[in-house]
There are 2 protein chains.
Amino acid sequence: MGEQRTVTTRERIIEAAAELLADGGIDAVSTRAVAAAAGVQAPALYRLFGDKQGLLDAVTAHGFERYLMAKKAVAPSDDPVEDLRRGWDLHVEFGLTHPAFYVLMYGVPQPGRRPTAADDAYRLLVGILERVAEGGRLKVPVETAASIVHATNTGVTLSLISAEEKDPDVSTRTRDMVLASITTDELPQEDTTLSARALALDSTLNRQTHPLSPAEAALLRDWLHRLASN
Amino acid sequence: MGEQRTVTTRERIIEAAAELLADGGIDAVSTRAVAAAAGVQAPALYRLFGDKQGLLDAVTAHGFERYLMAKKAVAPSDDPVEDLRRGWDLHVEFGLTHPAFYVLMYGVPQPGRRPTAADDAYRLLVGILERVAEGGRLKVPVETAASIVHATNTGVTLSLISAEEKDPDVSTRTRDMVLASITTDELPQEDTTLSARALALDSTLNRQTHPLSPAEAALLRDWLHRLASN
DNA sequence: GGTTCGAGTTATCGGCGATACCTTGATCAA
DNA sequence: TTGATCAAGGTATCGCCGATAACTCGAACC
């Protein structure tokens with residue numbers, strides 16, 4: 001089959017909604033306005049996207065694609081901690097460049113209604129942190145580090161979005177503070193400390209298959225985390 | 001005049017709206033539902049609160065009052081850094097106990113639409129930080145510290161609200177990380193470092209009247225911040 | 001060549017925020 | 001005492017919104 005050259009109705013609708021969102025904020029995105037801008041009638045949206053939330057999910061996924069592409073293209077460098085730093089900055093930059101999109105994704109937590117795009121970004125963060133842990137430079141378990149980085153990164157970005165005078169220094173300060181707290185400055189050639197070895201084992205357990213049962217593995221990982229926290 | 005013993009219509013409306021918000025989330029708070037629950041007709045809301053946003057502002061202010069009371073009652077201890085720690089925990093606890101209220105206040109940043117209650121809480125934070133700075137235990141300017149603490153505290157709380165399994169360890173870890181990064185462990189009896197003296201002067205300039213003109217003071221404070229950042 | 005079905009239409013529903021206009025009851029000067 | 005005033009709330013209604021039932025049309029398929 002040849003490529004689809006003509007723009008599909010679905011794409012037209014998503015782009016119309018994205019433009020309305022970027023221009024007039026979330027309030028400007030009504031089913032009628034989107035339908036009119038896309039040159040279609042309202043029920044077409046519902047057949048294509050189910051309901052309005054489905055349309056918004058598609059819009060955020062579409063708008064987030066470029067960001068994820070950039071993040072994926074930039075991520076694999078020699079120094080995973082540097083990747084972490086660049087990922088933080090990219091995150092903040094995306095939020096300030098597309099505030100309406102960003103708030104839609106991270107602003108209002110509704111249980112079970114998390115956009116897929118946000119999950120993808122989180123998994124990408126976990127992947128980088130696993131590489132940091134593999135290099136023996138992570139001071140805390142990967143899950144803990146991911147939660148902390150995610151929480152602080154979104155917190156800073158939302159604060160900057162709502163601030164009328166945006167001070168980028170707050171982002172870099174917080175970023176360096178967080179990274180300094182969860183990583184070690186340099187990789188020790190051979191780290192013989194208890195916590196480092198526990199975390200190294202934890203990291204590889206997380207990534208490889210092993211002969212332990214799920215229950216055994218859960219208990220072991222709990223012990224490893226307790227060993228690492230001393 | 002005797003005290004107002006009967007509950008005013010305004011109070012009845014606010015309490016009805018607060019109950020709807022706590023029970024069914026923000027979507028359950030419609031003008032009609034609130035009016036019906038308060039035993040009143042819809043236009044009464046508009047005369048009392050202007051529009052729906054005015055009603056929501058009044059509701060958040062009301063719901064936030066107890067929290068602010070608790071925070072004010074707890075705050076003034078001997079150790080302002082400990083006050084900071086308790087303020088952080090109180091903030092997170094309030095968010096997890098009243099998620100719908102919290103999201104209404106901190107979730108969706110709209111320029112110029114920040115609820116008054118959030119401003120009050122921020123000013124309270126700045127007040128504590130000024131006491132920390134006065135004790136010579138703050139490593140960064142008060143405004144910077146306030147921005148960082150606010151951004152990370154709200155970020156952690158929003159993350160916990162949206163997380164299905166809430167790990168309180170993330171909050172305490174981030175809290176201690178932030179506090180360790182912006183404060184010194186112990187107050188030196190006489191801190192003779194350049195940055196400490198610059199920040200001590202900055203802090204008192206902030207709180208007292210002085211003979212410098214506003215322009216001179218702004219320039220001086222800029223210099224002090226640059227001295228402190230080395 | 002009739003059938004099926006995807007894709008989009010017209011028409012309409014109930015709920016929402018908001019407002020113009022009316023009613024009522026308390027207050028107070030003449 | 002009475003009539004004007006006005007705060008407080010009610011009645012009726014507007015236009016917009018999300019959503020859906022029921023219909024139309026054209027292409028694909030046997």
Side-chain angles (χ1 to χ4, degrees), chain A residues 1-60 62 100 103-104 107-108 110 112-113 115, chain B residues 1-60 62 100 103-104 107-108 110 112-113 115:
Chain A
M1 248 85 84
E3 269 188 44
Q4 184 85 5
R5 272 277 154 248
T6 65
V7 180
T8 67
T9 304
R10 181 186 173 89
E11 286 168 344
R12 260 191 307 128
I13 292 174
I14 290 178
E15 277 162 25
E19 195 169 333
L20 285 171
L21 178 64
D23 289 355
I26 187 63
D27 290 339
V29 184
S30 72
T31 56
R32 279 163 172 79
V34 172
V40 102
Q41 293 301 318
L45 310 187
Y46 289 90
R47 214 182 47 82
L48 283 170
F49 301 99
D51 58 3
K52 189 184 182 183
Q53 187 60 46
L55 168 62
L56 292 181
D57 282 353
V59 169
T60 56
H62 175 79
V103 169
L104 202 58
V108 182
Q110 317 191 47
R113 241 25 209 112
Chain B
M1 250 89 79
E3 270 188 45
Q4 183 85 4
R5 271 276 153 250
T6 64
V7 179
T8 68
T9 304
R10 182 186 172 89
E11 286 168 344
R12 260 192 307 128
I13 292 174
I14 289 178
E15 276 163 25
E19 195 170 333
L20 286 171
L21 178 63
D23 289 355
I26 186 64
D27 291 338
V29 185
S30 72
T31 56
R32 280 164 173 79
V34 171
V40 103
Q41 293 300 318
L45 311 186
Y46 290 89
R47 212 183 49 83
L48 284 170
F49 302 99
D51 58 3
K52 189 185 181 180
Q53 187 60 46
L55 168 62
L56 292 181
D57 282 353
V59 169
T60 56
H62 175 80
V103 169
L104 201 58
V108 183
Q110 316 190 48
R113 241 25 209 112

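Only a predicted model underlies this, so the values are computations on that prediction, with no experimental measurement involved. Numbers restart at 1 for each chain; the letters A, B, ... are given by sequence-line order, proteins then strands.
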- Message: Does any part of the side chain of Val103(B), heavy atoms only, come nearer than 4.5 Å to the side chain of Ile26(B), both counted from C-beta?
- Response: no
- Query: Which pair of non-hydrogen atoms, one from Val29(B) and one from Lys52(B), has the smallest distance, and what is that distance?
  - Reply: O-NZ, 2.8 Å
- Message: To check you understand the geometry: which heavy-atom pair defines the closest contact between Phe49(B) and Ile13(B), and what is its length?
- Response: CE1-CG2, 3.7 Å
- Query: Closer than 4.0 Å, any side-chain N/O of Thr9(A) to the OP1 or OP2 of dA7(C)?
  - Reply: no
- Note on the structure: Tightest non-hydrogen contact, residues Ala16(A) and Ala37(A), listed as CB-CB, 3.9 Å
- Which letter, B, S or -, goes with each nucleotide of nucleotides 17-23 of chain C from 5' to 3', with contact meaning a protein heavy atom under 4.0 Å? BBB----
- Message: On a heavy-atom basis, which atom in Ala17(B) and which in Val59(B) lie closest, and how many Å separate them?
- Response: CB-CG2, 3.6 Å
- Please report the shortest heavy-atom distance between Arg10(A) and Ala58(A), naming the atom on each side. NH2-CB, 4.1 Å
- What are the two closest heavy atoms between Leu21(A) and Ala100(A), and how far apart are they? O-CB, 3.5 Å
- Message: In this structure, how many angstroms lie between the P atom of dG15(C) and the CG atom of Asp27(B), rounded?
- Response: 15 Å
- Rounded to whole angstroms, how far apart are CZ on Arg10(B) and P on dG9(D)? 12 Å
- Euclidean distance, atom CG of residue Leu20(B) to atom C1' of dG15(C) [Å, nearest integer]: 15 Å
- Starting from the first five and the last five pairs of the helix from dG1(C)-dC30(D) to dA30(C)-dT1(D), work out the angle between the resulting helix axes, to 10 degrees. 10°
- Query: CG of Leu48(A) versus P of dG18(D): gap in Å, rounded?
  - Reply: 16 Å
- Query: Taking CD from Gln41(B) and C1' from dA7(D), how many angstroms apart are they, rounded to a whole number?
  - Reply: 18 Å
- Taken to the nearest 0.5 Å, the spacing of Thr60(B) OG1 from Leu55(B) CG works out to 9.5 Å
- Task: Please state whether the phosphate of dG8(C), meaning OP1 or OP2, lies under 4.0 angstrom from any side-chain nitrogen or oxygen of Arg47(A).
- Result: yes
